[in-house]
Undergrad: 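Okay, here's the structure, questions in a sec.
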Amino acid sequence: MQPFELTDLGAGTKEMMLNMGPQHPSTHGVIKFVLRMDGEVVAALDPDVGFLHRSIEKIAEKLSYPDFMPYTDRVDYVAAMNCNFGYARVVEKLMKMEVPKRAEYIRVIVAELNRISSHLVSVGTFGNDIGAVTPFLYAIRDRELINDLLEMLCGARLTYNFVRIGGVAFDLPDTFKEKAIAFLDTLEPKLKEFNTLLSENRIFRERLAGVCVISKEDAVAYGVTGPNLRGSGVDWDLRRDEPYSVYPEVSFEVPVGGGLVGKVGDAFDRYWVRIKEMQESAKIVRQCLEQIPEGPIMAKIPRVLKPPAGDAFDRTEAPRGELGYYLVSDGSSKPQRLKIRTGSFAAVSIIPKIAPGWMIADIVALIGSLDIIAPEIDR
Amino acid sequence: MVQSMKRYVGNVGNTTLTVLKGLRVTLINLFRTPITIQYPEVDIRQKDLKAFGYKGPLGPLPDRFRGFLHVNPEICIACDLCMKACPIDCIRIESTKIDKTTIQGKDGKAVNKVKHPVRFDIHLGKCMYCGLCVEPCPTGAISFSKEFEGATSTLNTLVVHFAEPKGLPVREATIL
Amino acid sequence: MHYTLRNKLPSTALFTTVDAVLNWGRLSSLWYLLFGTACCAIELMQTGGPRADLDRFGAVFRSSPRQSDLLIVAGTVTYKMASRIKRLYEQMADPKYVISMGSCSNCGGLFDLGYSVLRGIDKVIPVDVYVPGCPPRPEALTQGLLVLQEKIRKQRYLAREA
Amino acid sequence: MEIFLQEGLVLLKAALWAVALSLVMALVAGFLTYLERKVAGHMQARLGPNRVGPYGLLQFVADGVKLFLKEDLIPSDADAPLFRFGPYLVFVGSFAVFAVLPFGERIVATDLNIGLFYVLAITSIETVGLLMAGWASNNKWALLGAMRSAAQSISYEIPVGVSFLIPIVLAGSMSLQGIIHAQAGGFGLLGWNVFHNPFSLAAFFVGCTAMVAEINRTPFDLPEAESELVAGYNTEYSGMRFAFFFLAEYANIFVISMIAAAIFLGGWQLPSPFKDILPFGLVGSFVLLAKAAVLVFIVLWLRWTLPRVRVDQLMEVCWKYLTPMALVCLMGTAVWMWAFPGRIFFGLFGTA
């Protein structure tokens, strides 16, 4: 499928301005898109962000380093563990701190579990955007099992505040391993069912084949990262190419979009990369549960954290792309400046470039396939 | 011509087939037991949900569950550590001096009690349930309960007074 | 209007019955607006999902504010969003109800420290039920709905207040 | 005097039928909303409504009470007369079909000799109503929904009409009762039009698909595509007026199921030995309702399984697939009737 080329037919028609959002079923949170439409076809699109600007970066300057941890949960609430993880890493980098091996393994386990649950929300809501409601509820149903696991681990279902600077808050409960493996065993058949219902459905494939293609060059130029970048056919994953934590000790593959039903980089590729990544994450969790050593879960840290003056940047692979924290310390107990680089912000910046010429139904598919989430854009 | 006829028939066949496959999945699910918890009847804090006729995979709330904060003012030593640990100041403690007593601490060490809280308010409507206040508490006076039902029609009732002397006026919720 | 009329009418069993039927209809069919602002939206989704299933109580989501009876403010409301929330509320048809879900919409919650966050949705629109939690788990939101139902059950239109 | 009496009796009869049918429509549509939520619930691993009345059966009564007592909002920029009128037109278009629906061998309000033609004609009014509603709302989402609805109804009228022609050709009658009577042979089962010949079998599927599109159900629910157009043409409607749309939507599901059951699945025809257990052909009524119920379930089932097609694909399905296929079926049936006059497919092998 090709985008439409809009030509003025000289009939004296005018473009229609349409406000999509902030309350719209498929903007995934409070984002507004101002569309200029020619009938069903979009002529121009202008994102209006900032409806969820909660000044998280500014709040960081008012709080001590450990106290800021709960706020990182809210940077990307669908994958709070990954945000915790990234923040803990950057503070540890600043303080040149060693984290016990067991803690690193636990971090990777929870981060990958959270990646699965985040991708489940993503593919589920994407199905919902395309009009299939039932797959969305199946995704929500399966996600509850991960919520149960993480709730057993840290007591909360969504905003975990589990990773600590220098380690993690709790050790794995006794039955965690069995329950986690039992969950991973059920994930595979459930994904298969999901694929039969949605991914292999011809209507679904036809809706997405060749739609809203993001080329390799565009994706790199706009700084799109994570599954969206891999969907465009760029083989880049921080977990493998800039390994951190215990990722070098586990083996996994990096799925890359290959134009399965249409062109490389279309909406279906981005969706399909997420389905594949869930399976890879399941593999990582299995290996980590096998390899995890005994030992302490917290490094020795001073009672009041005062990192030396200086700055540090660290990036990790979060479900929505690279999550980078830039931290400036002035030697006091509070950060001088914190900057968070998120995947969704880059993803939303490419929408105005891709959108013109596509129909409104495709725009919904584009937004859904980029898996943007409001607080990551606005922070 | 033959090619395009083939493609035409193939499209129709493929669509029908995948639709039928999808229909099969939803039909199978139609006859599976729903996983819904009949919430007000099933008390999810209980150890045995099966007693309520629940058939799904959920266990009861885990031990680490972070419900509403609970304070035992008897063993609180009014050290204000939780108040200081809270990033958003949703705890307010006022204390009075008492005769020195020694009580059992959280990690086995004895703790001297020289102060007693006369006011220990937690604004549950504002609390973010992060658990940062529970960690430094030396005696385990402040802890998470498994309580999570607190819906109310006035915000004031969400300010819980754990050590309230009688006769204090009801305070506005926002003062915390 | 109700108040003046109510006090002139005699207190009869008919009026109480009519009130009961009205209230029963309203409380059994609380359609909520498909709208979430932040973290709580995910728990709102889970509440509508298979395990908690708000549909049991007759609560389904509608995506147009005109057709919804219940606005669940799920998450942080910033100053930029506040006027939009107010407009959404005004677009709903009477009778309409509001549940404030989670700490942020109760009173600003943990973003009280920020410069851009509205400290409590009740500064913009009237709130019927506050649900504490950050975010409240699905059962907590369900209980919020039950509290709202009880509140509606006690409303009087024709009969005198007891 | 006598003529007035006769006229009066006719009018009285008509009024009674109208009251009875509106009750039937309200009940059926209400029950279908309940059924849809229940089916959807169980397909999605949850329970669906179960608190209001036993098994939640009174859910639709509660919904009705609430909707009829809600504030009746008319946006200030809306075209108020059209805005008010739209829902009624949609409702009338759906309700008028009930006049010719055969509920049994002898239970039918009026057996028009152009029954199927009447159905096609009267349901087209709904499109006007939807267009009116979408336009008058002065809302861009509603306008987009209304435009989609108009394009969709006009296109899909053609495959529906052509596939309706096949039972008409086979029966030589446009009356619904006439078509049902014509399906009597083959032990009351093999004579059904759907088994008449391979082309009529195909026409059944083509016709049903097109009818699902005609009433805007998933996968063809573009006029109110929730994730794209918020709520489509009824975005600005609240309370009672929205209830009329709602009622018409669910009544339509029942209507297409009844018509498909009548013209393709033998109506109240059933294997002969059980025919006369109950008086008035009541057995036949139950059989017809059962056939319709199966079709209704399939419509609901499709909704909770399939994603939605896009606008251009919608047109493609209609013009490139359904219309040519319907035409081929019509031609095939005609050839069949010329080659094997008066014989059904299974009749070729046996004696039936």
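Throughout, protein chains are lettered first and strands after them, A, B, ... in sequence-line order, and every chain is numbered starting at 1. All values below were derived from every heavy atom in this structure, side-chain atoms included, with hydrogens, water molecules and symmetry-related copies excluded. Nothing here was measured: the structure is a model prediction, and the numbers come from that model.
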Undergrad: Heavy-atom pairs under 4.5 Å with chain D - which of A/Gly127, A/Pro25, A/Ala132 has more of them than the others?
TA: A/Ala132

Undergrad: At a 4.5 Å cut-off on heavy atoms, which part of A/Arg207 comes close to chain D: side chain, backbone, both, or neither?
TA: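 Interface part for A/Arg207: both.
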
Undergrad: Please classify the contact of A/Asn201 with chain D as side chain, backbone, both or neither, using a heavy-atom distance under 4.5 Å.
TA: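 Looking at A/Asn201, just its side chain touches chain D.
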
Undergrad: Does the side chain of D/Met147 come within less than 4.5 Å of A/Glu40's, by heavy atoms?
TA: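 Of all side-chain heavy-atom pairs linking D/Met147 with A/Glu40, none is under 4.5 Å.
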
Undergrad: How long is the straight-line distance from CG of D/Leu144 back to CE of A/Met16, given to the nearest 0.5 Å?
TA: 4.0 Å

Undergrad: So which heavy atom on A/Thr134 is nearest to which on D/Met43, and how close?
TA: CG2-O, 4.1 Å

Undergrad: Could you look at A/Phe204 and say if it's the side chain, the backbone, both or neither that has a heavy atom under 4.5 Å from chain D?
TA: both

Undergrad: Applying ring pair (Phe, Tyr, Trp, His ring centres under 6.0 Å), name anything that partners D/Trp301, two or more places apart in sequence or on another chain.
TA: D/Phe297

Undergrad: Measuring from atom CD of D/Gln313 to atom CD of A/Glu206, what distance do you get when rounded to the nearest 0.5 angstrom?
TA: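 It comes to 6.0 Å.
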
Undergrad: Find the one option among A/Arg141, A/Gln23, A/Met17 whose heavy-atom pairs under 4.5 Å with chain D are most numerous.
TA: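 Answer, by heavy-atom pair count under 4.5 Å with chain D: A/Met17.
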
Undergrad: Taking side chain as everything from C-beta outward and backbone as N, CA, C, O, which of these in D/Arg148 sits under 4.5 Å from a heavy atom of chain A? Side chain, backbone, both or neither.
TA: side chain

Undergrad: I'd like to know whether NZ of A/Lys190 has more than 12 heavy-atom contacts from other residues, nucleotides or ligands below 6.0 angstrom.
TA: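 Counting other residues, nucleotides and ligands, NZ of A/Lys190 exceeds 12 neighbours.
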
Undergrad: Who among A/Val364, A/Ile140, A/Asp362 has the most heavy-atom pairs with chain D under 4.5 Å?
TA: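 Highest number of pairs under 4.5 Å: A/Asp362.
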
Undergrad: Considering only heavy atoms and a distance below 4.5 Å, find which of D/Val317, D/Val230, D/Leu229 pairs most often with chain A.
TA: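 Ranked by heavy-atom pairs under 4.5 Å with chain A, first place is D/Val230.
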
Undergrad: Take atom CH2 of A/Trp358 as the centre, draw a 6.0 Å sphere, and report whether it contains more than 12 heavy atoms from other residues, nucleotides or ligands.
TA: yes

Undergrad: From D/Glu228 CD over to A/Met20 CE, what is the distance, rounded to the nearest 0.5 angstrom?
TA: 8.5 Å

Undergrad: So, applying side-chain contact (heavy atoms from CB on, under 4.5 Å) with D/Pro307, which one of A/Leu208, A/Ile130, A/Asn128 is it?
TA: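 The passing option is A/Ile130.
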
Undergrad: Distance check, rounded to the nearest 0.5 Å: A/Ile203 atom CD1 versus D/Phe220 atom CZ?
TA: 6.5 Å

Undergrad: OG1 of D/Thr305 to CG of A/Leu198: how many Å apart, nearest 0.5 Å?
TA: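 D/Thr305 OG1 to A/Leu198 CG: 11.0 Å, rounded to 0.5 Å.
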
Undergrad: Under a 4.5 Å cut-off applied to non-hydrogen side-chain atoms, are A/Ile360 and D/Trp141 in contact?
TA: yes

